[in-house]
Amino acid sequence: MARIPDEIIKRLKQEVSVQRLAEARGVKLKRHGKELKGLCPFHDDHEPSLCINPEENIWNCRGACGVGGSPIDWVMKAEGISFRHAAELLRAEHPALLANAPVVKVGTVRKLAPPVERDASDAEILNRIVSYYHQTLNDTPDALKYLEERGLTQPEMIAHFRLGFANRTLGLRL
């Protein structure tokens with residue numbers, strides 16, 4: 001799939017109003033100096049923590065989620081989709097920005113199920129992480145070869161102590 005030109009990205013960030021996107025999501029905004037403030041729709045907000053700067057067309061949550069950015073970032077957060085899909089959705093709403101390019105109707109990045117439930121106990125979370133690293137070790141021949149070089153060759157010992165391999169993929173999974 002062709003890359004979205006930087007010029008189109010720049011125009012989306014300038015021409016699509018974050019204020020309109022927030023109001024379309026049901027956020028009631030009130031003027032607060034140069035900014036607009038409202039309740040952040042991305043977390044349980046009791047005091048207005050969502051700040052929108054209409055002049056710069058950016059937003060920022062100064063509350064629990066602490067996220068912010070451009071109109072594209074808003075759509076990514078609101079819809080749980082990739083940068084490309086968010087840009088394509090915004091382009092579809094602004095025909096002048098299409099420039100004869102096909103519009104992606106469905107995100108190409110699939111949503112992953114969360115690795116643990118929000119209300120999971122610390123012990124359950126730790127157990128899932130240990131299991132993840134243990135499975136990663138079993139699936140990585142180079143890691144098993146390293147253990148063999150260190151004299152750790154007994155499969156029963158590896159299983160009993162649930163040895164694992166941290167290859168930095170857990171962060172991607174989370």
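With a 4.5 Å cut-off on side-chain heavy atoms, Leu147 and Leu137 count as touching. Counting heavy atoms from C-beta on, the side chains of Arg91 and Glu88 come closer than 4.5 Å. By the 4.5 Å heavy-atom criterion applied to side chains, Cys61 and His43 are counted as neighbours. Residues Pro41 and Leu50 form a side-chain contact, since some pair of their non-hydrogen atoms from C-beta on lies under 4.5 Å apart. Two residues are said to be in side-chain contact when any heavy atoms from C-beta on lie closer than 4.5 Å; Arg162 and Asn127 meet this criterion.
Hydrophobic clustering places Leu21 together with Val27 (ILVMFWY residues linked when any side-chain heavy atoms are closer than 4.5 Å, directly or through intermediates). Tyr133 and Tyr146 fall into different hydrophobic clusters, where Ile, Leu, Val, Met, Phe, Trp and Tyr side chains are chained together by heavy-atom contacts under 4.5 Å. Phe161 is connected to Leu144 through a chain of hydrophobic side-chain contacts under 4.5 Å among Ile, Leu, Val, Met, Phe, Trp and Tyr, so both are in one cluster. Follow the hydrophobic side-chain contacts under 4.5 Å out from Leu90 and you reach Ile4 in the same cluster. In terms of hydrophobic clustering, with Ile, Leu, Val, Met, Phe, Trp and Tyr side chains grouped at heavy-atom distances under 4.5 Å, Phe83 and Ile81 are assigned to a common cluster.
Minimum interatomic distance between Glu55 and Lys34 (heavy atoms only, all atoms of both residues): OE2-CD, 4.3 Å. Residue His134 comes nearest to Ile158 through the heavy atom pair CE1-O, 3.4 Å, listed as atom of the first residue, atom of the second, then distance. Nearest heavy-atom pair across Phe165 and Ala143 is CG-CB, 3.7 Å. Across all their heavy atoms, Lys13 and Asn57 have their closest contact at O-ND2, 2.7 Å. Residues Phe42 and Ala78 share a closest heavy-atom pair of CE2-CA, 3.5 Å. Listed here is the closest heavy atom pair of Val75 and Leu89: CG1-CD1, 4.4 Å.
Judged purely by atom type and a 3.5 angstrom limit, Asp45 has no side-chain atom pairing as donor or acceptor with the backbone of Leu39. Trp59 places no side-chain N or O within 3.5 Å of a backbone atom of Asn53 that could act as its donor or acceptor partner.
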| message | side-chain contact (heavy atoms from CB on, under 4.5 Å) for Asp73 and Val67? Distances and angles first, verdict last. | response | CA-CA 9 Å; Asp73 298 308; Val67 294; over 6 Å; no
| request: Could you check Glu35 against Arg62 for salt bridge (charged side-chain N to carboxylate O under 4.0 Å, His left out), going step by step and ending with a plain yes or no? | output: CA-CA 13 Å; Glu35 294 184 331; Arg62 296 187 180 130; 3.3 Å; yes
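Between Gln135 atom CD and Thr140 atom OG1 the span is 9.0 Å, to the nearest 0.5 Å. In this structure, Glu124 CD and Asp122 CG are separated by 10.5 Å, a value rounded to the nearest 0.5 Å. To the nearest 0.5 Å, the span separating CZ on Arg20 from CZ on Arg25 amounts to 15.5 Å. The OG atom of Ser82 sits 11.0 Å away from atom CD1 of Ile72, with the distance rounded to the nearest 0.5 Å. For the atom pair OG (Ser70) and NZ (Lys10), the distance works out to 14.0 Å, reported to the nearest 0.5 Å.
Heavy-atom neighbours of His32 NE2 from other residues, nucleotides or ligands within 6.0 Å: at or below the threshold of 12. For Arg31, the CZ atom is densely surrounded, since the number of other residues' heavy atoms within 6.0 Å is greater than 12. Shown here is Glu7, whose CD atom has no more than 12 heavy atoms of other residues, nucleotides or ligands within 6.0 Å.
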